[in-house]
Structure formats: structure tokens, C-alpha cells
Protein chains: 2
Amino acid sequence: MKHLVRTSKNLGHAIRQARKAKNLTQKELASMSGVWQETISKIENGSGGTKLETVFDLIAALELEITVAERSKGTSDGLEDIF
Amino acid sequence: MKHLVRTSKNLGHAIRQARKAKNLTQKELASMSGVWQETISKIENGSGGTKLETVFDLIAALELEITVAERSKGTSDGLEDIF
DNA sequence: ACAATTTATGATCCAGGGGTCATATACGAT
DNA sequence: ATCGTATATGACCCCTGGATCATAAATTGT
């Protein structure tokens, strides 16, 4: 699944979905990423203001990757997902 | 151009490149994104700790988009770029 | 319904980000 | 080399994210 991320809420969804897909609890993800469970909770719920590094830590632990590219003009390339 | 972003430095490169591609100065980007020129400078140079929202503002102003997806196992999908 | 586990909330403390201004340094053109 | 513009740096303050601990609320399994 490919997530378009424009807001913290989007990011939260993407992360929660990836975590669930791997059957991890927030606490487990916490210990593998070094990010506190409480913080993960906030992030998954889209509370803004998160620091980039924290996101990178989670992304890495979940074996996801972030890409930045020109806004696709409706290419609808792969199946996308936006909330 | 599609940028794989794993670190703040990567992000900085992607943003600077996109800005240059649009022939914008940091100051111009600043006024169109609401992010201070000084801050843009820091971000482009990969100084970590940036807040997500700040990144979103820049990405939007530069008409870029961020996607999160499973780590591609060497798919080498489109032409990528990693620093 | 109950117990166990998972997630959310709340408070405190501290370090660092970003707004803001001033200035230094780098870069380009002539 | 000089002028003008662009980018980087430094200092200040305020505000908030995240570490941390305790606990509440929600979810899940039986």
C-alpha cells in the first residue's frame, strides 16, 4: 500500500496501518524504534508537530520508505490511499 | 525526479533541488510557504530536528508530494536518487 | 461479564525548533 | 575588485515535542 502524505493525520494512518499489518503493538514498535509508546499513540492519531527524526525512526522500524517527488498530475501510478 | 528520503540530509537535498528547479530563492520560497528563509537554509543543509508541519509547508509550496510505502526490494521502480 | 492487554491521557521536565532581527559570508554579474 | 543579491550564522525568546512515569480508557479474548 502506498500512502500519499500531506498532513500529520495522513502519516498517522500510514504508520498505524503498517504497524497493524506487521501485527505489532505500539509497545513493541516502541522498543524496536526507540520511540515511546505514548509518542507513537499521539503520532498515529495525527497530533501534529512531530519531529522528522521521530518519523524516520518509525518508518525504518516498520520497513517503510519515504519518497518525495513532483506532484503527480493524476498519474494514479500505483494504487494510492489518502485520508 | 524522485527522492528516497531516509534522513534530514536527504530531505534537504530534495527540497533544494526542487526549489532550484523552480528558480526560486529561499526568500521567495519563504514568502510563499510561510517558513522563514533562515529556517529553509537550515533545512536544506540537513540540520535535523525539523518539525513535520514545516516540511509539509515547503513540500506544498514546491508542489511536491510525499509518499510512504513498503520498502521496495530493489524494484528500482522509477529513477531514484539517494544521497 | 471479567481479566488481560493495548492504547490514550495527563503531568512534569528539559532540550531544541522556529519566529525574529542583525549581520556575516558566499555567489554572480559587470 | 565592487556592487547586489543569496545564503548562512548567531543570538534571543517562547513554545512545544518527546522522555518518563502513572493511570485511565478502550479493546480483545474467553
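We name chains A, B, ... by the order of the sequence lines, and we start the count at 1 in each one. In this text the structure is predicted, and so the values were computed from the model without any measurement.
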> Grab the two heavy atoms, one from A/Trp36 and one from A/Ala30, that are nearest each other, plus how far apart they are.
C-CB, 4.1 Å
> Could you tell me the separation between the CD1 atom of B/Ile43 and the C1' atom of C/dG16, rounded to a whole number of Å?
14 Å
> Return the value, rounded to whole Å, for the distance between atom CG of B/Asn23 and atom C1' of C/dC27.
15 Å
> Per the end-axis method with five pairs at each terminus, what is the bend angle of the helix from C/dA1-D/dT30 to C/dA24-D/dT7, to 10°?
70°
> Please give, in whole Å, the distance from D/dA8 C1' to B/Arg19 CZ?
12 Å
> Would you mind reading off the distance between B/Asp57 atom CG and C/dG17 atom C1', rounded to a whole angstrom?
14 Å
> Let's see if you can work this out: which of D/dA8, D/dG17, D/dT20 has an atom nearest to the side-chain heavy atoms of A/Trp36?
D/dT20
> What is the distance, to the nearest angstrom, from the NZ atom on A/Lys27 to the P atom on C/dA4?
15 Å
> Separation of A/Gln26 atom CD from D/dG18 atom P, in whole Å?
14 Å
> Under 4.5 Å between any side-chain heavy atoms of A/Arg19 and A/Arg16, yes or no?
yes
> I'd like to check the side chain to side chain contact (heavy atoms under 4.5 Å, CB included) partners of B/Thr54; sequence neighbours left out, ordered by chain and number.
B/Val35, B/Thr39, B/Ile43, B/Thr50, B/Lys51
> So A/Thr39, base contact, sugar-phosphate only, or nothing? Heavy-atom distance under 4.0 Å.
sugar-phosphate
> For B/Thr54 and B/Glu38, find the nucleotide of DNA chain C closest to each by heavy atoms; which residue's nucleotide sits nearer the 5' end?
B/Thr54
> Given side chains that start at C-beta, do those of B/Met32 and B/Leu24 come closer than 4.5 Å, heavy atoms only?
yes
> From C-beta outward on A/Ser41, which listed nucleotide comes closest to its side chain: C/dG19, C/dA8, D/dA8?
C/dA8
> Could you check which of D/dG18, C/dA8, D/dA8 has an atom nearest any side-chain atom of B/Asn45?
D/dA8
> Nearest whole angstrom, please: distance from the C1' of C/dA26 to the CD of B/Glu44.
15 Å
> So which one's nearest nucleotide on DNA chain D is more toward 5', B/Lys51 or B/Arg16?
B/Arg16
> Which part of the nucleic acid does A/Gln37 contact within heavy-atom distance under 4.0 Å: base, sugar-phosphate only, or nothing?
base
> Figure out the CG/P separation between A/Leu29 and C/dT6, and round it to whole Å.
13 Å
> Determine, step by step, whether A/Glu65 and B/Leu4 satisfy the side chain to side chain contact (heavy atoms under 4.5 Å, CB included) criterion, reporting the C-alpha distance in whole Å, the side-chain angles of both residues, the deciding distance to 0.1 Å, and the verdict.
CA-CA 7 Å; A/Glu65 67 182 19; B/Leu4 227 182; 3.8 Å; yes
> Please determine which of B/Thr67, B/Ile66, B/Ile15 meets the side chain to side chain contact (heavy atoms under 4.5 Å, CB included) test together with A/Val68.
B/Ile66
> Below 4.5 Å, heavy atoms only, C-beta onward: do A/Lys22 and A/Glu28 meet side chain to side chain?
no
